[in-house]
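In what follows, a single structure is set out as structure tokens and then discussed.
Bear in mind that the values here come from a model prediction, so they are computed numbers and not experimental data. Whatever order the structure lists them in is the order used to number ligands and atoms, beginning at 1.
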Amino acid sequence: METKNTLLSVENLKKYFYTGKGVLHAVDDVSFDINKGETLGLVGESGCGKSTVGRALIRLHEPTSGNVTLEGQNILDYKTKTDMRKMRQEMQIVFQDPYSSLNSRMNTFDLIADPLVVNKLAKTNKEKEEKVYRMMETVGLESRLAGSFPHELDGGRRQRIGIARALILEPKFIVMDEPVSALDVSIQAQILNLMDDLQKEFSLTYLFISHDLSVVRHISDRIAVMYLGKIVEIADYIDIFEKPKHPYTKALLSAIPIPKYGLERKRIFLEGDVPSPIDPKPGCRFAGRCSECMDICKTETPELKDEGKGHQVACHLYK
Ligand SMILES: Nc1ncnc2c1ncn2[C@@H]1O[C@H](COP(=O)(O)OP(=O)(O)OP(=O)(O)O)[C@@H](O)[C@H]1O
Ligand SMILES: [Mg+2]
């Protein structure tokens, strides 16, 4: 439900890929809002469509249909170069693997200055230099690293460059697509803390994508759970962990190594195969693997419905 606190509103977003084998429903009618200053975690198994949601939101993949509004402006209506540039400034993305997303022939300084140059946001070299060195300090990169190339830096520092490149345009919203999944566990915590500090300092709003519920738990205010192109549950992070409703969410939780939430519960092993996202059949996409599957689940697709206090679930068990 859109309110005055809503920064980003996504309505009926679809992204289909037309493949030789049929239409791949990577993102199939997904709706959610993100409030100003909030982090929405997006979790689910590999291939369920998380990155495609993140990319379609900022039009790195042009959506098949739907609406995406940022502070009331439908960004899918943007057509002119000026509009597109404004959108690129306001909405940024940080990728999983900074090594492959950074140009290996550019040094730290140039990598961070690049978005300023492309968007013509520094009038003089002096202004550019000031902005880059200030940003390096903000993300915890020592100024002596300005001349270093990506291959000379460790994964944590490379991801700090990725974050600096997103932040230097002063965006309102950032998609974080598995930003710590490629990092050593010890460095993951540092980068998560940095993102948390930056969020407070610059009033940022995040969509934080991860396949790992225990990572998402630390940073999210609310969590959305995806299964095969659809959101099956959204709630406050506490409710997802303590009062999960969807059988798929329960299965995901039972597998995580957090005593309170995971191991003390009976591990639910998912049976059956993940169905193909190509030309999916009607009915609940999880039906074939669900221990609580009923007849209706095989024919009718459940809608995402509010079960109270914003806890939404798409499951026929809740009527
Ligand atoms: N450019 C593309 N062309 C065709 N199919 C694609 C394309 N990008 C993604 N897909 C397909 O869309 C589905 C969703 O992929 P996506 O990368 O969004 O999943 P994900 O949840 O981010 O997975 P992971 O956890 O592995 O990153 C997959 O079936 C994938 O093969
Ligand atoms: Mg992905």
Who's the nearest protein heavy-atom neighbour of [atom], and how far?
atom: atom 14 (C) of ligand 1; answer: Gly47 O, 3.3 Å
atom: atom 2 (C) of ligand 1; answer: Phe17 CE2, 3.5 Å
atom: atom 26 (O) of ligand 1; answer: Ser46 OG, 2.5 Å

Next item on the list: State whether Arg157 and Asp154 are salt-bridged, where the test is any N-O pair (Lys NZ or Arg NE/NH1/NH2 against Asp/Glu carboxylate O) under 4.0 Å.
Entry: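 Answer for the salt bridge query: yes.
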Check: Are the charged groups of Lys245 and Glu233 less than 4.0 angstrom apart, N to O?
Finding: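 Salt bridge flag = no for Glu233 with Lys245.
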Note to self: Once salt bridge (Lys or Arg N to Asp or Glu O under 4.0 Å) is applied, what residue pairs with a partner in residues 282-297 remain, sequence neighbours excluded?
What the structure shows: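 Qualifying pairs: Asp28-Arg285, Glu45-Arg289.
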Check: Less than 4.5 Å apart, any side-chain heavy atom of Glu90 and any of Pro171?
Finding: no
Next item on the list: Would you indicate whether the side-chain heavy atoms of Val27 and Lys14 approach each other to under 4.5 Å?
Entry: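 No, their side chains stay 4.5 Å or more apart.
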Margin query: Below 30° counts as parallel, above 60° as perpendicular, anything between as tilted: where do the rings of His246 and Tyr248 land?
Written below: perpendicular
Notebook entry, point to check: What orientation do Phe286 and Tyr227 show, parallel under 30°, tilted 30 to 60°, or perpendicular over 60°?
Noted result: perpendicular
Check: Is there any N or O on Thr52 that sits under 3.5 Å from an N or O of ligand 1?
Finding: yes
Next item on the list: Return a yes/no value for Leu24: is any of its N or O atoms, backbone included, closer than 3.5 angstrom to an N or O of ligand 1?
Entry: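 No; the residue has no nitrogen or oxygen that sits under 3.5 Å from a nitrogen or oxygen of the ligand.
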Item checked: Heavy-atom neighbours of Glu303 CD exceed 12 at 6.0 Å ->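 No, because the 6.0 Å sphere around CD of Glu303 holds 12 heavy atoms or fewer from other groups.
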Margin query: Within 2.8 Å of the Mg ion (ligand 2), is there any N, O or S atom belonging to Ser51?
Written below: yes
Check: Counting heavy atoms only, which part of Lys50 comes closer than 4.0 Å to ligand 1: side chain, backbone, both or neither?
Finding: both
Atoms in ligand 1 flagged as close to [X], the criterion being non-hydrogen separation under 4.0 Å:
X: Ser51; result: 17 (O), 18 (O), 20 (P), 22 (O), 27 (O)
X: Pro277; result: 29 (O)
X: Ala26; result: 12 (O), 13 (C)

Check: Non-hydrogen atoms of Gly44 versus ligand 1: any pair closer than 4.0 Å?
Finding: no
Check: Which residue, Leu204, Ile93, Leu207, forms the side chain to side chain contact (heavy atoms under 4.5 Å, CB included) with Phe173?
Finding: Leu207
Notebook entry, point to check: Any protein heavy atom sitting closer than 4.0 Å to atom 30 (C) of ligand 1?
Noted result: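 Not a single protein heavy atom is under 4.0 Å away.
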Margin query: Is atom 20 (P) of ligand 1 near the protein, in the sense that some protein heavy atom lies at less than 4.0 Å from it?
Written below: yes
